[in-house]
Each structure stands twice: as C-alpha cells, then as structure tokens.
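Beneath this line is the structure, given in structure tokens, with notes to follow.
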Amino acid sequence: MATGVLCSREFALCLACVLLAVPLLVAQDPSSLSLEHYSKTCPNYEHVVRTEMECAVRADSRNAALMLRLHFHDCFVQGCDGSVLLDDTATLIGEKKAEQNVNSLKGFELVDKIKQKLEAECPGTVSCADLLAIAARDAVVLVGGPYWDVPVGRLDSKKASLDLANRDIPTAQQGLVTLIAKFWEKGLDATDMVALVGSHTIGFARCANFRDRIYGDYEMTTKYSPISQPYLSKLKDICPLDGGDDNISAMDSHTAAAFDNAYFGTLVNGEGLLNSDQEMWSSVLGYSTADTVSKYWADADAFFKQFSDSMVKMGNITNPAGGEVRKNCRFVNT
C-alpha cells in the first residue's frame with residue numbers, strides 16, 4: 001500500500017484550505033438534459049455516431065482514446081459545450097493552442113466527418129457537444145469498456161477560452177492536492193477523479209509529458225524493482241533526455257488497446273507513466289486515492305460502474321451561458 005496514513009489530518013486540512021478557495025462551477029440544471037431530447041427531431045442520431053465510430057476504431061484503435069480525450073478537455077473548460085472544437089478566427093481565439101491541447105489533442109477530422117453525417121440526417125439539430133459525449137461513450141464500448149446512457153440536449157458555446165483551458169485542464173506534472181482541487185472545481189470528487197483518470201488505460205502520452213517522470217522518481221516508486229528495468233529502458237529509448245518531445249508511449253503498457261483495469265496495476269507497481277497518475281498511489285498525501293486505486297485494480301466491475309457514473313456526472317457540466325447548435329463544429333454559426 002502507499003504510505004501516508006499518518007499524514008491524513010494534515011492532508012485533510014491542506015485540501016480543505018484549497019477547496020474553500022475554489023469556486024464551484026455553476027452549471028445549468030442537469031434536468032435540461034434528457035435521453036429523449038432527440039427522440040422526435042433526430043431519432044437515429046446515436047446510430048449515426050456509432051457507425052462512424054465503429055469504422056474509425058476498426059481502422060485505428062487509438063481513435064477511441066482521441067475522442068475520449070476531446071470530450072474530457074471540452075468539459076473541463078466552460079462545461080461540455082464544444083468549445084474545444086472551435087478554430088481560431090479573426091474574432092475568436094480557440095482553445096486548441098492551450099498548453100494541454102497543442103500537439104496532443106487530435107481527432108478533429110473524425111468529429112468533422114461525424115458532424116457531416118449528422119447534418120445530412122438531421123440538419124441543424126444535434127450539437128457538437130452532444131456529438132462528443134456520445135462518441136466518447138461509443139469509443140469506450142468499442143474497445144471493451146462499459147456502456148452508459150448519455151443524456152443529451154447540450155448547446156454549443158459561441159465562445160472559447162484559451163485562458164481557462166490553460167488554467168483548468170490538469171497537467172502531467174501537477175501534485176495530488178492541485179489535481180483534486182481542479183476536479184472539485186468542476187463538481188467532481190476524488191473518487192470521480194481516480195475513475196476518470198482510469199481512462200488512461202487506452203491513452204497515449206507525449207515524451208514531453210513523461211520525461212521528468214522517467215528521469216526522476218520512476219525507479220523510487222517501483223522500489224528499484226529489477227522487473228521494471230526493461231520497461232524503463234524502453235521508455236528512455238522512446239524519450240531521450242534531449243529531443244523526441246512528440247514521441248509517444250501508451251500509458252497502459254500491458255493492454256493499451258483495451259479498456260480494462262490493468263492501468264491501475266501499473267500504478268500499484270509504481271510504473272505509472274505520468275507523474276500526475278502515479279501521485280494517486282504513491283503520494284504521501286494519497287491515503288484515500290490509493291485505496292480507490294487498489295479497489296479498481298482488484299475489481300474491474302467496480303471500476304466500470306464508477307467510471308460510467310462519473311462520465312455521466314462530468315457530462316452533465318453544461319455551460320450556463322447557453323449557446324446554439326453549430327452547423328460546423330469548427331465555427332460558430334453566422
């Protein structure tokens with residue numbers, strides 16, 4: 001088990017101070033979302049999205065992770081409003097060049113393709129934000145993960161926020177208290193955080209985001225186990241000290257193409273690729289998150305159930321400013 005039980009009181013006080021300083025996001029009433037929102041206006045919308053996702057994942061299983069990541073990064077900035085999809089224009093600065101998005105967010109062409117199919121089926125009806133929520137769910141299912149019903153009815157924002165994207169999206173180098181606070185700000189607790197970060201079971205990371213980890217405390221968190229040395233050597237080949245920033249490695253070294261609970265095993269073994277992930281198990285402050293990591297490593301069903309619930313919870317974060325249904329996900333309507 002991770003250490004840090006003796007620090008529980010200090011951690012609780014520290015976290016309480018941080019959370020008191022963090023304003024909770026004021027979202028639209030989630031009851032504005034429903035499973036029947038498109039029942040009369042576009043009854044086949046889920047089939048359209050599912051068909052395109054099946055083709056995309058069959059062509060390259062990494063497309064599943066790309067769509068899941070897009071939905072996550074969308075919801076963490078202004079709520080789930082499709083703002084992450086907006087291109088820069090003369091009058092709008094988008095979020096694609098944010099620190100955690102540039103050179104890493106992909107899948108925009110797949111979104112374009114799905115949107116074109118939806119517009120052909122039901123013009124001006126299904127929002128880009130709903131497209132992302134449905135596609136993320138289908139992505140998980142298509143690589144072996146759980147199914148959940150996705151309430152729909154989100155609107156697409158007419159604005160984006162580069163500043164909020166740089167501030168609100170978690171980074172690979174942040175510590176546990178900061179990460180918990182960022183999730184808390186969105187109305188998500190530490191259990192939601194551990195479950196949602198479990199999506200890294202199908203994720204890939206750039207060398208620039210894990211270089212400090214593998215040349216830093218990686219060996220210490222693995223307790224200098226000789227079993228971990230071959231994997232560490234492989235990672236250093238992929239990610240040298242200088243150069244290769246865009247080289248990638250799977251965050252789940254065992255079953256990168258399958259959505260399962262194996263990722264939590266890498267954390268228990270001290271082999272998490274990202275510092276932010278390993279913190280959930282190895283941090284001296286991680287007494288509660290470590291228990292959750294251990295639980296999900298031992299019980300895949302428990303992980304799947306919480307992941308589904310947390311995805312719905314995150315997906316219910318809507319932009320209180322409202323919006324529109326974009327015809328093209330890259331641009332606001334004119």
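Heavy-atom basis, side chains included; hydrogens, waters and symmetry copies ignored. All values derive from a computational prediction rather than experimental measurement.
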I'd like to know if the side chain of [X] pairs up with that of [Y] as donor and acceptor (distance under 3.5 Å, no hydrogens or angles considered).
X	Y	result
Q306	T191	no
E271	Q278	no
S104	R69	yes

From N275, D277, T221, residue fulfilling side chain to side chain donor-acceptor pair (under 3.5 Å) relative to R213
T221
Using a strict 4.0 Å threshold on nitrogen-to-oxygen distance, state whether [X] and [Y] make a salt bridge.
X	Y	value
D112	R330	yes
E46	R137	yes
K117	E121	no

Please say whether more than 12 non-hydrogen atoms of neighbouring residues, nucleotides or ligands are located less than 6.0 Å from CD1 in I93.
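For I93, atom CD1 is not crowded (no more than 12 foreign heavy atoms under 6.0 Å).
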Going by salt bridge (charged side-chain N to carboxylate O under 4.0 Å, His left out), name the residues that satisfy it together with D260, two or more places apart in sequence or in a different chain.
none
A cation-pi test, strictly: NZ or CZ of K96 under 6.0 Å from the centre of the six-membered ring of F108 and no more than 45 degrees from its axis. Yes or no?
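Yes, K96 and F108 form such a contact.
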Mark yes or no for whether E279, through its side chain, and L179, through its backbone, hold a donor-acceptor pair below 3.5 Å.
no
Give a yes or no on whether the ring-centroid distance for Y296 and Y263 is below 6.0 angstrom.
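No - the distance between ring centres of Y296 and Y263 does not fall below the 6.0 Å cut-off.
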